Amino acid sequence: MAGLLIGDVIRRAARATPRRLAATLGDAELTFGALDEGSNRFAHALAGVGVRGHDRVAWWGDTTLDVMPVFGALAKLGAVFAPVNARLGVAEAAEVVGYARVRLLLVDDAHAEMAEGWDVPTVRFTDLAAAAGSASATPVDARVDERDPQVIFFTSGSTGRSKGVILSHRANALRSFASPISDPDGGTVCMFPLFHMAGWSMALGAWQSRCPLHLVDTPDAEALLSTVERRHATRLYCIPAVWARVLDVKRSRYDLSSLRETDTGTSATPPELVAAIRDAFTHTVTRIYYGSTEAGPGALLPHVDVLRKPGSVGLPALGVDVRLAADGEVCIRSEYLMDGYFDDPESTGVALREGWYHTGDLGALDDEGYLSIVGRVRDVLRTGGETVAPIEVEQVLGGHAAIAEVAVVGLPDPQWGEIVCAVVVPVAGTDAPDVDALRAYCDGRLAPFKHPRRVEVVDALPRTPATGQIQRTLIVERITARRA
């Protein structure tokens, strides 16, 4: 063995605090001792069905504590954990599993029938668990190096088909050191499912500091707040869309006095939402995180700056270098970067160049070096020879009293090349503003060429399942299909 290994993170936590909780989900609880011993047993069981170092093992199942020892087992074997989005349909999931060319597909009972007939060896978790129950609890004898691949996370597909992001033991372990340390007796409430990178990053960050991670079945506001109350959690991290739901419920029904940290990030965070979080949780600190599956932590806006620097994502995170390319694209260099995209050298070569990860985000740096995200490279519109960043228009339109949510996309136009189209979800009980009203609202706030020339009214914006990112490509496809 050599270097920073994920199996060692689990082993050391178990050695130091075997009876302390590592994770909870509802009534279910998992201690560090049980996690370590269970991962040893599952490692022997997986070896018994032919899994070896560098083999890829896919997990397709709902969020459960049961998968955590499997995660640890594969790390100790030197095999690769590849979780598949539990919400995918049969065809979508089959495509992902086929793309990853897995040695084994592990499924829970809810997904077992859906995976029948696939051309891949498949094992039900219940069957593997039975084998693990009678397997040895001693550590497996496997040669694992910190540079070996440890996980493959499949991107959410906001810009096309999923890609498999490969992370080594070293990168994943270092990412966990960059996570904040919570109160060991309280821990963190996690809204992310366990097919998502953020869920496992939060788990490893908690385990490095011997803290529990409190999972929920669904990122429902009531479930999150009741878990904070029940587990006396000290940290709650939610993406902006989920924070909006949390702020809408009657929070006085819950005892939230244990909370010390109310953090957000992952997607664009409107300044008014940050202000609302601060007003609702005055006894906590709030931070904004910027990062990605490919890069890990990129930037952090600390509590002292969240109101002083509205719209910013902060300064580079610990151990991270940030620079802007000539076109304004945010580039990141650190020890946390992915090794590349699985079986996709072309996409890897575009994303990783001379040690820098090209994020696809457009950024701006202020005179103090604070980073703001102003759009996506591929989202930028060209209208009448002018460049428009959708997020800039969205931030203005989001302040309209009749608009609950808005996305801005570019639609092909023979005269302008593209036109700015505002896709709006109106506030319940109100009429959506028409294009003339929105253009009038933008006067004095945006240059005329950035004003919307078309408005589409929808009931909801299509978003990626795990991170809530707006699927602009899908919006354009739907509008184009309706026009056709």
Side-chain angles (χ1 to χ4, degrees), residues 9-10 13-14 16-39 61-69 71-72 86 176 179-239 241-266 277 280-287 289 303 466:
V9 172
I10 295 171
T17 56
R19 290 182 293 278
R20 181 170 286 173
L21 287 178
T24 72
L25 175 60
D27 293 332
E29 298 180 341
L30 180 69
T31 65
F32 284 112
L35 173 62
D36 185 47
E37 179 180 323
S39 62
D62 295 316
T63 295
T64 172
L65 300 188
D66 292 339
V67 75
M68 287 183 160
F71 174 86
S176 67
S179 299
I181 298 176
S182 298
D183 184 338
D185 295 323
T188 296
V189 174
C190 176
M191 59 150 283
F192 293 97
L194 289 183
F195 60 77
H196 192 272
M197 179 274 296
W200 289 107
S201 290
M202 291 176 73
L204 289 170
W207 296 347
Q208 288 278 23
S209 49
R210 316 298 189 251
C211 297
L213 185 75
H214 305 298
L215 298 164
V216 293
D217 289 315
T218 180
D220 170 81
E222 306 279 358
L224 292 166
L225 295 181
S226 62
T227 303
V228 170
E229 178 182 54
R230 178 180 184 183
R231 297 294 179 178
H232 306 289
T234 54
R235 184 182 187 227
L236 176 61
Y237 178 103
C238 297
I239 63 174
V242 173
W243 268 122
R245 297 177 214 156
V246 169
L247 295 172
D248 275 345
V249 304
K250 190 173 182 180
R251 296 180 303 281
S252 60
R253 294 180 304 195
Y254 303 95
D255 179 1
L256 306 176
S257 59
S258 63
L259 273 180
R260 296 291 178 266
E261 302 158 274
T262 48
D263 297 333
T264 189
T266 304
I277 296 171
F281 298 93
T282 56
H283 62 292
T284 69
V285 298
T286 298
R287 296 160 294 204
Y289 291 84
H303 175 74

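The analysis underlying the following values was restricted to heavy atoms, covering all of them including side chains, and did not include hydrogens, waters or symmetry mates. From a predicted model like this one, the values you see are computed outputs, not experimental measurements.
Side-chain contact between L236 and W243 is present, with heavy atoms from C-beta onward closer than 4.5 Å. Using a 4.5 Å cut-off on side-chain heavy atoms (C-beta onward), L247 and I277 make contact. Inter-residue side-chain proximity for R235 and M202 is flagged as met; some heavy-atom pair is nearer than 4.5 Å. Between Y237 and C190 there is no side-chain heavy-atom pair separated by less than 4.5 Å. Using a 4.5 Å heavy-atom cutoff, the side chains of L259 and H283 are in contact. At a threshold of 4.5 Å between non-hydrogen side-chain atoms, the residues T188 and C211 do not count as touching. A 4.5 Å side-chain heavy-atom check between L65 and L215 finds at least one atom pair inside the cut-off. Residues P18 and T31 form no side-chain contact, since every pair of their non-hydrogen atoms from C-beta on lies 4.5 Å or further apart.
Side-chain atoms of S176 and Q208 include a donor-acceptor pair closer than 3.5 Å. In summary, the side chains of S257 and D255 do present a donor paired with an acceptor at a separation below 3.5 Å, with no hydrogens or angles considered. Between the side chains of T286 and T262, at least one donor N or O sits under 3.5 Å from an acceptor N or O.
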For T63 and D217: C-alpha separation, side-chain torsions, deciding distance, then whether side-chain contact (heavy atoms from CB on, under 4.5 Å) applies. CA-CA 6 Å; T63 295; D217 289 315; 5.5 Å; no
Working note: W207 + M68, criterion side-chain contact (heavy atoms from CB on, under 4.5 Å); need CA distance, chi angles, decisive distance, verdict. CA-CA 12 Å; W207 296 347; M68 287 183 160; 3.7 Å; yes
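Side-chain N or O atoms of R287 include none that pairs as donor or acceptor with a backbone N or O of E261 at under 3.5 Å.
One finds the CG atom of L35 at 11.5 Å from the CG atom of L21 (value rounded to the nearest 0.5 Å).
The ring-ring contact (aromatic ring centres under 6.0 Å, His included) contacts involving residues 209-233 comprise nothing, where partners must be two or more places apart or lie in separate chains.
Nearest heavy atom pair, residue V242 against residue P219, reads CG1-O, 4.0 Å. Heavy atoms only, all atoms of each residue included: V189 and L224 are closest at CG1-CD2, 3.7 Å. Among all heavy-atom pairs drawn from P69 and G38, the shortest one is CB-C, 3.8 Å. The shortest non-hydrogen separation linking H303 to V285 is ND1-CA, 3.3 Å. In plain terms, the two heavy atoms of D62 and A86 that are nearest each other are OD1-CB, 3.7 Å. In plain terms, the two heavy atoms of L213 and G199 that are nearest each other are CD2-O, 3.9 Å.
A search for salt bridge (Lys or Arg N to Asp or Glu O under 4.0 Å) contacts involving D248 returns nothing, not counting sequence neighbours. Judged as a salt bridge (Lys or Arg N to Asp or Glu O under 4.0 Å), and not counting sequence neighbours, the contacts of R253 are E222.
Just one of F192, F195, F71 meets the ring pair (Phe, Tyr, Trp, His ring centres under 6.0 Å) condition when paired with W200; it is F71.
For the pair R260 and F281, the cation-pi criterion (under 6.0 Å, within 45° of the ring axis) is not fulfilled.
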